[in-house]
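Read through the structure below, which is laid out as structure tokens, and then see the notes.
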Amino acid sequence: MTIRAGVVAVQGDVSEHADAIRRAAASHGDEAEVVEIRQSGVVPDCDILLMPGGESTAISRHLHREGIAPEIEAHVADGKPVLATCAGLIVAAADPNDDRVDSLGLVDVSVERNAFGRQADSFEAPLDVTGLDEPFPAVFIRAPVIDSVGDVEVLAEWDGRAVAVRDGPVVATSFHPELTDDARIHDLAFFESEADRREASKNERGV
Ligand code: GLN
């Protein structure tokens, strides 16, 4: 099966995310065709979406100005998967706690931008993530934390604060899962839930 994956390509590690999506798809025997999203009209044809890091102010402005924001909202309303990482998490949050960010309200959390302070501007940490057997090597770069959660599942915490959550079809992380060659977060967000759904529907049909 070929999955059409859209990566928001305003800023951030677009090609690294594309590689991780392809690797995660391949581990399920699927193929991913990756398209870059810079203008409206691309999102409606995508099965899965990725919102990378960068600067949340600039990304959110671009998404609204180009008419991409309502397309992403419709994608989520259809129950289709999204992975939002770092600035992507801020853009996806219900409350970005910053007037300069025009967020999409896809994930029922409020966030604090650049929350780890200057000393820990960037660092790597082995993170226990719900759904993964072994810790994930998480790279944090001027990362946000999730400071209050509504109706979401917390998938990981660092230093007592939430850094990965799932809200329905959306998985959002404070860290950058594309910066190692470990594609398990992309897998968790996109393909494991897909595979589970396919398995459930097979069981329903008694196949
Ligand atoms: N500091 C950025 C912001 O607040 C996020 C950093 C990142 O995506 N690595 O928008």
Side-chain angles (χ1 to χ4, degrees), residues 5-21 34 36-38 48-66 68-69 72-73 81-127 129 136-149 152 154-159 161-167 170-186 188-190:
V7 180
V8 171
V10 182
Q11 295 179 341
D13 302 324
V14 176
S15 65
E16 287 83 350
H17 276 298
D19 284 348
I21 292 169
V34 181
E36 297 188 0
I37 300 164
R38 289 194 189 81
I48 61 179
L49 288 183
L50 201 141
M51 296 168 56
E55 206 55 47
S56 49
T57 45
I59 297 171
S60 69
R61 253 183 253 133
H62 182 94
L63 295 178
H64 285 279
R65 190 177 55 230
E66 296 296 323
I68 302 167
I72 298 176
E73 286 158 11
V82 174
L83 173 59
T85 66
C86 202
L89 154 66
I90 301 166
V91 174
D95 182 1
N97 253 316
D98 187 330
D99 290 345
R100 291 164 297 176
V101 181
D102 195 358
S103 72
L104 304 187
L106 306 174
V107 181
D108 193 7
V109 294
S110 76
V111 297
E112 183 190 341
R113 295 179 67 196
N114 303 320
F116 290 100
R118 259 195 213 130
Q119 293 81 356
D121 240 7
S122 73
F123 60 98
E124 185 173 328
L127 202 64
V129 181
F136 186 85
V139 178
F140 294 83
I141 303 170
R142 299 185 61 228
V145 291
I146 295 160
D147 56 13
S148 79
V149 299
V152 302
V154 175
L155 299 176
E157 287 184 355
W158 182 253
D159 217 5
R161 306 161 97 179
V163 291
V165 293
R166 181 193 289 279
D167 186 351
V170 186
V171 170
T173 68
S174 298
F175 55 90
H176 285 260
E178 77 285 9
L179 292 180
T180 60
D181 46 15
D182 188 329
R184 285 178 298 156
I185 296 288
H186 294 75
L188 188 75
F190 294 138

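Whatever order the structure lists ligands and atoms in, that order sets their numbers, starting from 1.
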Original post:
Can you name the residues that form a side-chain hydrogen bond (donor to acceptor under 3.5 Å, both in side chains) with Arg61, not counting sequence neighbours?
Top reply: none
Using residues 13-20 as the side-chain source, report each donor-acceptor pair under 3.5 Å to any protein atom, sequence neighbours left out, with the distance given to one decimal.
from, atom 1, to, atom 2, distance (Å)
His17, ND1, His186, NE2, 2.9
His17, NE2, Glu178, OE1, 3.4
Asp19, OD1, Arg22, NH1, 3.1

May I have every N or O pair linking ligand 1 to the protein at under 3.5 Å, one per line with atom names and distance?
from, atom 1, to, atom 2, distance (Å)
ligand 1, 1 (N), Asn114, OD1, 2.6
ligand 1, 1 (N), Arg142, O, 3.1
ligand 1, 4 (O), Arg113, NE, 2.7
ligand 1, 4 (O), Arg113, NH2, 3.1
ligand 1, 8 (O), Gly54, N, 2.9
ligand 1, 8 (O), Gly54, O, 3.2
ligand 1, 8 (O), Ala87, N, 3.1
ligand 1, 9 (N), Ile141, O, 3.0
ligand 1, 9 (N), His176, NE2, 2.8
ligand 1, 10 (O), Ser56, N, 2.8
ligand 1, 10 (O), Ser56, OG, 2.7
ligand 1, 10 (O), Arg113, NH2, 3.3

Subject >> N/O donor-acceptor pair under 3.5 Å between Ser56 side chain and Val91 backbone >> reply: no
Original post:
Is His64 reaching over with its side chain to a backbone N or O of Ala69, donor-acceptor style, under 3.5 angstrom?
Top reply: no
Original post:
Sequence neighbours excluded, which residues qualify as side-chain contact (heavy atoms from CB on, under 4.5 Å) partners of Ala5?
Top reply: Ile21, Val34, Ile48
Subject >> Salt bridge flag under 4.0 Å for residues Arg161 and Asp159 >> reply: no
